[in-house]
Every structure is written in C-alpha cells, then in structure tokens.
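Chain letters run A, B, ... following the sequence lines, proteins first and then strands; every chain starts at 1.
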There are 2 protein chains.
Amino acid sequence: MNERVVPEPERRRRRPTKQGTVLSAEVIISTALRLLAQHGAEALTVRRLGAALGADPSAIYRYFHNTDDLLLAIADELIARAQHDWRSTGDWVADLRTIGLRIHAAYQAHPQAALLAAYRTTGRQNEARAVETILGVLRGAGFPDPEAVAIYHAFVDQGLAFAALDAAADALPAPARAADLAVWQRHYARLPAETHPNIAATARLLVTDMRRSGYPLALELLLSAASARLAALKAPPGPA
Amino acid sequence: MNERVVPEPERRRRRPTKQGTVLSAEVIISTALRLLAQHGAEALTVRRLGAALGADPSAIYRYFHNTDDLLLAIADELIARAQHDWRSTGDWVADLRTIGLRIHAAYQAHPQAALLAAYRTTGRQNEARAVETILGVLRGAGFPDPEAVAIYHAFVDQGLAFAALDAAADALPAPARAADLAVWQRHYARLPAETHPNIAATARLLVTDMRRSGYPLALELLLSAASARLAALKAPPGPA
DNA sequence: CTTTTCAGGTCAATGGCGTTGTCATAAGGT
DNA sequence: ACCTTATGACAACGCCATTGACCTGAAAAG
C-alpha cells in the first residue's frame with residue numbers, strides 16, 4: 001500500500017500543477033465521472049485521467065492509494081447522489097420503493113461508472129448511511145432482526161444487480177448494443193410456432209416488454225412478498 | 001479484427017507446438033477454464049494461457065480473433081450447461097426455482113465469463129430454448145400472456161443480474177475481494193450505536209448474512225409474490 | 001520578515017499486458 | 001517428390017499501473 005496519501009481534511013498545501021490545475025479528491029472524482037460519461041469505461045486510466053486533469057498521472061497517487069481506491073470513492077459518490085434529499089414518509093413499503101428506484105436511477109445516470117461501482121462494498125460514509133437508513137425502515141416496520149437483515153440483503157443486492165444489468169446495456173459499445181436490442185424483433189419475433197409455441201404466442205408482448213427494465217416489477221414483487229411475510233409474522237397463531 | 005482465424009471445422013493441418021501440444025479451439029477453451037478455476041480471474045491472460053498450453057501466446061490468435069472472442073466462446077458453453085438434463089416436474093414454482101438456481105450456479109462456476117455473458121442477448125439456440133421453456137412454465141401455470149411475459153422478464157433479469165453480481169464478487173482481483181468482504185467485520189461491526197443504531201443492533205447478523213448470496217431469498221420472494229398474483233387472478237370475484 | 005520544512009507535483013523506469021508483422025517450416029493435397 | 005500454405009514462433013509496439021528519487025514553492029515557525 002502506498003503511503004503518499006494525506007487524508008483530504010488534513011490537506012494544507014495546495015499547489016497548482018504545471019498546467020495550473022489545483023487538485024483535490026473532489027476534482028479528481030468529478031473529472032473521472034466526466035471521463036467515463038464522455039468516453040466510456042476504457043477511458044478511465046490513470047494516464048488519461050492525469051491528462052484530463054492537466055497533471056502528471058502520478059500526482060493522482062497523492063490522493064488515492066491506487067485505482068481501486070479511486071473507484072471506491074466514485075462508488076460512494078454515486079450512493080451519495082441516490083440519497084440526496086430523501087426523507088421517510090412513515091410508510092415502509094413506499095419508503096423502500098422510493099429508495100430502490102432512486103438507487104437504480106442514480107446508477108443509470110452514470111452507466112459506465114455504475115458498471116464498475118455497483119459490485120463493490122465501500123464501507124465509506126455514504127454507504128454506511130444508506131445501510132443504516134434501510135435497516136431502520138425494516139426494523140421500524142416491525143421485522144425481527146434476522147428477517148430485517150435477510151430482506152435488507154435481498155433488497156439491496158437486487159437493486160444493485162439490476163442497476164448494473166441495466167447500466168451494462170447502456171454502456172455496451174454502440175454496435176453490440178443495437179444488435180442485442182434487435183434480437184427480439186429480428187429473431188424471436190420470427191420463430192415458428194412449431195418449434196417455439198410459447199415465444200410465437202407472445203412475440204409481440206415480448207418485443208415491447210423487453211425494451212424496458214425488469215426492475216420495477218421485480219421490486220414490486222419483492223416488496224409485496226415481504227409485506228405478506230410481515231403480516232404472517234404479526235398473526236402468530238399459525239393458520240389451518 | 002484479426003483475419004488469421006480459420007473456422008474450426010475447416011481445419012486440416014494440425015501441427016504440434018515446440019513443446020508438443022496439438023492445439024484446437026476446444027483444447028484452448030478447456031485450458032482457459034482450468035486456468036480460471038485454479039488460479040482465479042487474473043490468471044487468464046493470453047501470455048499465461050500460451051504458457052499453460054505449451055505454445056507461443058500469439059498462436060491463440062490463430063483460433064480466436066481476440067480475447068473477447070475467446071471469452072464469448074467460453075460463455076456460450078455455460079448457457080448449454082445451465083439447461084443440461086433439466087426436466088419439468090409439473091409444479092411451476094418448483095420448476096422456476098430450479099431453473100433460477102441452475103442459471104445462477106452455471107454462471108457462478110465461471111465468474112469471469114459470466115460477467116461478459118450475463119448482459120448480452122445472443123438470440124442463439126440455447127438461449128431461445130431457455131426462453132421457450134420458462135414462458136411455457138408460466139403459461140402452463142395459468143398466467144395470462146401479458147402477465148406471463150412480465151413475470152418472465154422480471155424472473156430472467158433477476159437471475160442474470162444476480163448471476164453477474166455474484167460472479168463479479170468472485171471475479172474481483174484477490175485483494176479487492178478480500179477488502180470488500182472484510183468491510184463488514186472491520187468497519188460495520190464497529191460502528192457506534194450513537195450514530196448507527198440499526199447497524200450496531202444487527203452487526204453480528206449482517207456479518208454472517210452478507211457472506212452469502214442474496215439471490216435465493218430474492219428468488220423466493222419473487223416466486224411467492226407471483227404465486228399470490230396467480231391466486232388472485234384465479235379467484236376473479238374481488239374479495240371483501 | 002526570514003528561514004525552514006515537507007507536501008505534493010514531476011520525471012524516469014519497471015514489468016506487465018494484448019496484439020500484430022514477419023518469418024520459417026512441416027502438413028497434406030497433388 | 002513437390003508445392004502451397006496453414007500454423008507456430010519471434011520480436012516489437014504501444015498501452016497500462018505503480019514506484020522511487022527529485023525538486024520546488026507554500027505554509028509554518030521564529
């Protein structure tokens with residue numbers, strides 16, 4: 001591990017680069033997000049980031065231990081954006097629905113970054129706040145701790161997993177992306193009923209449905225099943 | 001794109017390498033899978049694959065256009081394996097549960113290939129067979145077509161999304177993977193109750209639960225919610 | 001206001017990677 | 001037995017992340 005990094009709040013001396021930029025963790029993160037948005041995932045290299053910042057690539061190592069450290073910082077920033085201004089309504093199902101959709105939306109706004117970040121556990125400030133909030137909603141709803149933790153896990157992972165899945169579609173190189181979308185019309189819509197009766201019968205529905213994200217329905221199903229479980233827990237004497 | 005590749009069925013001349021191996025697409029794929037299984041994601045490089053084969057790295061480009069081509073060839077195999085020997089039991093919930101877990105397991109067995117494959121729509125034979133099967137299960141259970149298609153979409157995307165999420169954890173470079181796992185013990189388990197009461201109250205549960213995949217529960221919740229919807233559809237006169 | 005110090009930007013080098021242009025040679029059709 | 005050419009080998013290119021040594025100017029100390 002690299003020891004050159006001084007924690008951001010303790011920084012005193014800020015010295016411009018040869019090209020005049022004044023660096024900071026914040027500037028580096030936002031430049032990285034811009035680079036990802038403009039030129040795709042493969043554009044995020046230390047060398048190109050250095051060039052975009054107007055600094056020597058190695059200067060980045062004064063702010064982040066390595067590229068992974070930088071990536072985790074980016075991930076935490078996305079989580080922060082998802083939580084921005086959120087407030088509980090008192091209805092736990094509505095709260096979780098909103099949180100789930102917000103996470104998904106925040107990641108969709110930066111598909112290239114989402115693809116890299118959605119899989120990581122950062123342990124940083126904003127992530128911890130999100131974990132705390134979601135657990136609070138579930139425990140406040142009346143789920144006993146083991147159930148609350150299990151449902152927290154399913155809920156969060158499902159949100160992140162769909163965020164990455166849908167981000168990947170956006171982040172795909174243009175030709176591959178077009179090809180994948182066209183498969184449903186070009187290929188599945190023309191399969192004969194003899195060999196693929198179920199696809200043939202539903203082809204039109206498939207073509208329109210597969211254009212959208214499957215997340216909203218998956219989220220709704222998760223929430224309604226969780227709700228049913230809670231109801232069962234609150235009526236302890238088992239039914240016939 | 002590299003034009004050196006001769007399609008496998010047209011190959012006539014098979015010439016041993018200096019070290020005596022006789023190459024083929026099949027040998028290269030299985031060696032790559034062995035390399036991945038034995039030494040993890042970062043072991044799959046053209047150079048190391050060449051070394052493992054007993055051949056010059058560049059010889060691989062006589063069989064695959066580039067590394068992506070090779071990885072897709074590996075991935076293609078996974079789709080077939082997920083479906084291998086599957087048979088309907090007549091119980092639609094049990095069938096979907098099995099199919100979901102099988103997809104997840106097949107991808108889990110080769111995480112780095114899964115990461116590339118889970119996001120794509122190939123439209124090829126094995127994929128079409130899977131779509132047909134799942135739609136058949138849902139329509140056979142009595143879901144009307146629009147509902148069948150919507151639930152198909154949520155079900156499949158959930159399976160693929162979790163497959164990619166869990167594969168990504170396995171495919172992470174060893175240090176990053178260890179760091180992510182440790183976060184729950186090192187960091188979350190020690191947050192004070194004053195600032196993070198819900199995390200503090202459930203820390204022990206979190207540490208053990210987050211080690212496992214969230215997919216089995218998420219799948220179960222999706223299936224039970226779908227089941228409830230079907231029951232509601234079959235009892236048309238609305239309840240009190 | 002001067003002196004000291006050291007954070008932080010720069011430079012150069014290391015060892016890895018995927019990929020390709022070229023060459024040499026042996027396999028296999030004739 | 002002869003040719004053709006597919007296929008393996010070699011060497012080189014331009015990327016990549018990372019690091020150790022250095023230099024310099026901003027801030028702290030007096």
Side-chain angles (χ1 to χ4, degrees), chain A residues 1-28 31-32 35 39-74 116, chain B residues 1-28 31-32 35 39-72 112 116 172-176:
Chain A
M1 181 69 63
N2 185 330
E3 297 307 336
R4 303 156 108 125
V5 175
V6 170
E8 188 70 2
E10 294 168 25
R11 283 186 185 264
R12 288 281 118 77
R13 306 184 179 179
R14 312 214 87 115
R15 176 182 184 173
T17 69
K18 263 191 171 173
Q19 298 183 43
T21 327
V22 175
L23 296 180
S24 68
E26 202 184 317
V27 168
I28 295 174
T31 303
L35 221 48
H39 306 295
E42 68 276 15
L44 188 62
T45 72
V46 175
R47 294 163 125 84
R48 287 199 237 205
L49 182 52
L53 284 162
D56 188 273
S58 65
I60 291 159
Y61 293 94
R62 299 282 182 204
Y63 294 84
F64 300 96
H65 296 294
N66 48 45
T67 46
D68 199 61
D69 192 24
L70 169 60
L71 181 59
L72 290 178
I74 292 172
L116 299 172
Chain B
M1 183 71 63
N2 184 331
E3 296 307 335
R4 303 156 110 125
V5 176
V6 169
E8 188 70 3
E10 294 169 26
R11 280 185 189 266
R12 289 280 117 78
R13 305 185 182 179
R14 312 217 87 114
R15 177 182 182 173
T17 69
K18 264 194 170 171
Q19 298 183 44
T21 326
V22 175
L23 297 179
S24 68
E26 203 183 316
V27 168
I28 295 174
T31 303
L35 219 50
H39 306 294
E42 66 273 20
L44 187 64
T45 72
V46 175
R47 294 164 126 85
R48 287 198 237 206
L49 182 52
L53 284 163
D56 188 274
S58 66
I60 291 160
Y61 292 93
R62 299 283 181 201
Y63 295 84
F64 301 96
H65 296 292
N66 50 45
T67 45
D68 226 56
D69 192 21
L70 168 60
L71 277 157
L72 288 176
Q112 23 318 88
L116 290 177
L172 235 42

Under 4.0 Å: is that the gap between some side-chain N or O of A:Ser58 and OP1 or OP2 of D:dT19? no
Donor-acceptor pair (no angle test) under 3.5 Å: A:Arg15 side chain, D:dG25 base: no
Closest to the side chain of B:Tyr63, out of C:dT10, C:dT19, D:dG8, is D:dG8
Side chain of A:Arg47 only, heavy atoms from C-beta on: which candidate in D:dA9, D:dA17, D:dT24 is closest? D:dA17
Distance (rounded to the nearest 0.5 Å) between A:Ile74 CD1 and A:Thr67 OG1: 10.0 Å
Can you say whether a donor on the side chain of B:Arg13 sits under 3.5 Å from an acceptor on the base of D:dT4, or the other way round? yes
B:Glu42 CD to C:dC17 P, straight-line distance once rounded to whole Å: 11 Å
Find the distance B:Ile28:CD1 to D:dG8:C1' and express it as a whole number of Å. 12 Å
What is the distance, to the nearest angstrom, from the CG atom on A:Leu71 to the P atom on D:dA17? 13 Å
Nearest whole Å is fine: how far is C:dA13 P from A:Asp56 CG? 14 Å
Assuming nearest nucleotide by heavy-atom distance, tell me which of A:Arg14 and B:Arg11 is located more 5' along DNA chain D. B:Arg11
I want to confirm an ordering. Mapping B:Arg12 and A:Glu10 to their closest nucleotides on DNA chain C, which one lands closer to the 5' end? A:Glu10
Which pair of non-hydrogen atoms, one from B:Val46 and one from B:Tyr61, has the smallest distance, and what is that distance? CG2-OH, 3.6 Å
So if I take every side-chain heavy atom of B:Arg62 and compare against C:dT10, D:dT7, D:dA17, which nucleotide ends up nearest? D:dT7
Just checking B:Ala55: base, sugar-phosphate only, or nothing, at a heavy-atom cut-off of under 4.0 Å? sugar-phosphate
Decide yes or no for A:Val22 and A:Val27: does some side-chain heavy atom of the first lie under 4.5 Å from some side-chain heavy atom of the second? no
Specify the separation, in whole Å, of atom CD1 of B:Ile60 and atom P of D:dC10. 15 Å
Using atom OH of B:Tyr61 as one end and atom P of D:dA9 as the other, report the distance to the nearest whole Å. 15 Å
B:Leu44 atom CG is separated from C:dC17 atom C1', nearest whole Å, by 12 Å
Nearest to the side chain of B:Arg48 - C:dG9, C:dT19, C:dC17? C:dC17
So, OP1 or OP2 of D:dT24: does either fall under 4.0 Å of a side-chain N or O from A:Lys18? no
How about CD on B:Glu42, more than 12 heavy atoms from neighbouring residues, nucleotides or ligands closer than 6.0 Å, or not? yes
Atom of A:Leu23, atom of A:Ala55 and distance for their closest heavy-atom approach: CD1-CB, 4.1 Å
Is there a donor N/O on one and an acceptor N/O on the other, under 3.5 Å, for the side chain of A:Thr45 and the base of D:dC15? no
When rounded to whole Å, the NE2 to P distance for the pair A:His65 and C:dG8 reads 13 Å
